[in-house]
Amino acid sequence: MVGIRGTDSRTLLQNLRSTLAEDGDGQERLDHIAELIATGMGTDVCSIYLRRDSDTLELCATRGLNPRAVHKSRLRFGEGLVGRVAREANPLNTENAPEERGFRYMPETEEEALRAFLGVPIQRLGEVLGVLVVQDTTSRLYSDDEIYALEVVAMVIAEMQELGAFTGEGVAMSRPHAQPLMIQGICGQEGASEGVVFRHEPQIVISNPVTDDPEAEKVRLMDAIERLRLSVDDLLSTNLKDAGGEQREVMEVYRMFANSRGWVSRLIAGIDSGLTAEVAVEKEQSATRIRMMRAPDPNLRDRLHDLDDLSNQLLRMLTHQEVSSAEAAPDDAILVARNIGPGELLTYGKSLRGIVLEEGSVGSHATIIARAWAIPVVLHAENITREAINGDVILVDGDRGLVHLRPEDSVRSAFRDKIAMAAEAQQEYAALRSLPAMSRDGIRVTMHMNAGLMADLPSLIPSGAEGVGLFRTELQFLTRNAMPKRGELADHYSYIMDSAKDRPVTFRTVDIGSDKILPYLNASDEPNPAMGWRAIRISLERKGVMRMQIQALIRAANGRPLRVMFPMIAQFEEYRDARQLVLDEVGREKARGHEVPEDIKVGAMLETPSLAFAPDRFFKLTDFISIGGNDLKQFFFAADRQNERVRRRYDTLNVSFLSFIEQIANRCTALGTPVSFCGEDAGRPVEAACIAAMGIRSLSMRPASIGPVKHLIRRLSFGELSEVIHEARVRGDQTVRPAVTRWMETQR
Ligand code: PEP
Ligand code: MG
């Protein structure tokens, strides 16, 4: 196997590639490949193990072991030396296999005479698809060149597998992207829809893994790297011109990677051994991803993530497959992505039929936007970005957090029945539109809607909302690359007020920071952004943005009543200063000759537990309070709203949280402060009813929830519900949910 690197390796790869063009099924191809490798590398044995399911490897072809063991010999990940290679995703090179840790003798293979063993993972983008093994009877260690050569060959096998080269009778692998698949994730937003996959980042398809002309590949690679470097430089010199500190440092590291000689020379080495530029990049990317998974230090992981991101950009440049644009989305698009930020989602707009994310979280603002648009969302859909390709039929069952990819006809037709039933329920809710949310015992709950975009306003009348209880103004800032101008904002706010007619609209001043990053506002990289420099904290330090926004609101109101509230107020002084800023602007605008609102109400969001214990003068000074349950809950339980692992540990109906809500309601009543609740829980019928039972008689929710919440409230008695909650508390239940659910069953 001496001299395998370079020309010999290229010949071997070309021979492998020619098996792709040959007639015959996947098994013949695999047998031929094992033969080619053993001959090309001069080893006694070559065996190909492919992954059968999530953790089983199957011997699929061999030259040198007993052929009867093919498709019989199986190992789990971690089992034997082959399983160890798969689990560790690392080459294993030993001169005496039987003495190596974890060795397991497989009698059916008749490998007793073999000593030297070299196994490398067959992997694509960090995912192990199998293991490629060479063995010899003589005891020896394989050289670095031989290991490298086998890794390159394994890379080509991975690409061939992705192209569907090994499918057919008896072969472990089924054709990729062809089988129906059901993925269980979690519910981000209820609802069912059918459509076709539309990838936010289309899957990169590489049709030719092997090159005949390494020099031309190097030119293509260097050309793409040059473009990549220019785009990073451009980002640094324009968008981040004034960025300071950490953010700039991060980008400088990014630039350093793009210029790293080590990185480029590893890519060149891949091409020299016969890979096309794309596959050389993927090979490097696989190694980065494996290192990323193992890195104990989060800082190092972040840097490896940057490198992975760069490789992705490079791959897209080489294959001319850029990130999707909204215009390219088909009418029945279901967006599939690893994750998506609120700004990116806004560019796709309301017309998406569904959203399926591999990561994501219920508390993120992207999910909140999707909820406002009533688009079914499934989160944590494992492997969806690997499996789904553009145009695949996909069913999204938001209620159960389920995704059916390429479904069978029977599943598809049952699903259509479900969609039809949901449409019937909507009609029932629509019939309640003009009726009040009045309980059986005569308690009236005010129903407002949450909004953030012009496109939300048309839902006001059909939903039966009595006003807009929370207008998230930052969404307007998120959809742009630069700070919006005062005139534009004034036009926008004026449109919102016009559309609401005489119904009140509560504008929340910008809540940026946390997961709502505006690159043009120098958002810095913070360790805990949800608890960092965000919302009112930014507004009070960078007063210009808030002043401009208040001026725009005053001009938009043009004498009409105006309601403004501030996000993330944690103590009285913050509210007092922000309120003063509003009053000052009113004075200034008046002096400039603008008409000012005849009635202006200035409120605060209660999103931090501290504000519930503020001095009485806060409750007396503020015109109203709106409980932001999403943030309040995360700070109350110290559980990140974006972290699915901890977020779901704590129930909204936990007695501690409900008692806290009750305390706030009692304090507001005692001090005469109007209070409402505008977090996502206000739109969940059972939660909404319990919050109202605690004394909060004004709720603001996404428009689609108004019908279901009203429907429930009209059927129950708050007196009885309060009694059920009280009994559960006295009993010492941790959450009142079981008791409340049982009671609700009897109310049908
Ligand atoms: C909240 O925190 O409950 C809230 C309504 O604000 P946001 O979700 O925009 O942070
Ligand atoms: Mg909030």
Side-chain angles (χ1 to χ4, degrees), residues 188-189 341-343 345-346 360-373 377 447-453 456 465 467-479 505-518 523 528-539 563-570 574-575 578 603-612 624-643 647 650 652 657 660-661 664 675-684 687-688 691 696 698-703 705:
Q189 158 64 16
L345 182 57
L346 289 169
S361 83
V362 178
S364 80
H365 284 94
T367 310
I368 288 176
I369 291 168
R371 291 178 72 82
W373 289 341
V377 181
M447 308 289 273
H448 282 162
M449 72 174 238
N450 293 346
L453 297 167
D456 295 333
V468 178
L470 164 67
F471 189 89
R472 292 182 164 99
T473 60
E474 62 277 3
L475 300 192
Q476 207 53 32
F477 288 67
L478 272 173
T479 47
V505 179
T506 303
F507 290 94
R508 174 177 80 180
T509 58
V510 281
D511 179 7
I512 40 187
S514 191
D515 63 336
K516 291 178 279 193
I517 304 296
L518 306 184
N528 268 316
M531 296 200 278
W533 198 57
R534 65 174 278 205
I536 200 67
R537 300 169 183 176
I538 299 187
S539 300
R563 293 173 65 83
V564 181
M565 70 175 170
F566 311 117
M568 280 287 287
I569 296 284
E574 286 168 344
Y575 173 73
M605 288 193 76
L606 196 155
E607 305 187 89
T608 59
S610 64
L611 198 63
F624 62 92
I625 283 173
S626 186
I627 301 176
N630 307 336
D631 276 310
L632 185 63
K633 212 164 99 182
Q634 77 167 339
F635 300 128
F636 186 76
F637 289 113
D640 184 347
R641 67 192 259 190
Q642 294 213 68
N643 181 340
R647 189 190 70 79
Y650 307 102
T652 303
F657 190 63
F660 186 49
I661 297 291
I664 298 170
V675 60
S676 61
F677 189 105
C678 66
E680 292 298 291
D681 286 320
R684 300 190 172 102
E687 284 81 343
I691 290 165
I696 309 284
S698 172
L699 303 172
S700 190
M701 63 200 79
R702 64 198 181 93
S705 289

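One-based numbering, in listed order, for ligands and for the atoms of each.
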Rounded to the nearest 0.5 Å, the NE2 atom of His365 sits from the CG atom of Asn630 at a distance of 7.0 Å
Please tabulate, one line per pair, the protein nitrogen or oxygen atoms found under 3.5 angstrom from a nitrogen or oxygen of ligand 1, with distances to 0.1 Å, or say none if there are no such pairs.
from     : atom 1 : to     : atom 2 : distance (Å)
ligand 1 : 2 (O)  : Glu607 : OE1    : 2.8
ligand 1 : 2 (O)  : Asp631 : N      : 3.0
ligand 1 : 2 (O)  : Asp631 : OD2    : 3.0
ligand 1 : 3 (O)  : Gly628 : O      : 3.3
ligand 1 : 3 (O)  : Gly629 : N      : 3.1
ligand 1 : 3 (O)  : Asn630 : N      : 2.7
ligand 1 : 3 (O)  : Asn630 : ND2    : 3.2
ligand 1 : 6 (O)  : Arg508 : NH1    : 2.9
ligand 1 : 8 (O)  : Arg472 : NH2    : 3.0
ligand 1 : 8 (O)  : Asn630 : ND2    : 2.9
ligand 1 : 8 (O)  : Arg641 : NH2    : 2.8
ligand 1 : 9 (O)  : His365 : NE2    : 3.1
ligand 1 : 9 (O)  : Arg472 : NE     : 2.8
ligand 1 : 9 (O)  : Arg472 : NH2    : 3.4
ligand 1 : 9 (O)  : Arg508 : NH1    : 3.2
ligand 1 : 9 (O)  : Arg508 : NH2    : 2.9
ligand 1 : 10 (O) : His365 : NE2    : 3.3
ligand 1 : 10 (O) : Asp631 : OD2    : 3.0
ligand 1 : 10 (O) : Arg641 : NH1    : 3.0

By side chain to side chain contact (heavy atoms under 4.5 Å, CB included), which residues pair with Thr506, not counting sequence neighbours? Arg563, Met565, Phe624
Run the salt bridge (Lys or Arg N to Asp or Glu O under 4.0 Å) test on Arg534 and Asp631 for me, step by step, so that the C-alpha distance in whole Å, both residues' side-chain angles and the decisive distance to 0.1 Å come before the verdict. CA-CA 12 Å; Arg534 65 174 278 205; Asp631 276 310; 3.0 Å; yes
Compute the angle centred on the Mg ion (ligand 2) spanning OE1 of Glu607 and OD2 of Asp631, and express it rounded to 10 degrees. 100°
What orientation do Phe637 and Phe657 show, parallel under 30°, tilted 30 to 60°, or perpendicular over 60°? tilted
Could you go through Arg647 and Asp640, starting from their C-alpha distance and side-chain angles, then the distance that decides it, and tell me whether this counts as salt bridge (Lys or Arg N to Asp or Glu O under 4.0 Å)? CA-CA 6 Å; Arg647 189 190 70 79; Asp640 184 347; over 6 Å; no
Met568 vs Arg537 side-chain heavy atoms within contact, under 4.5 Å: yes
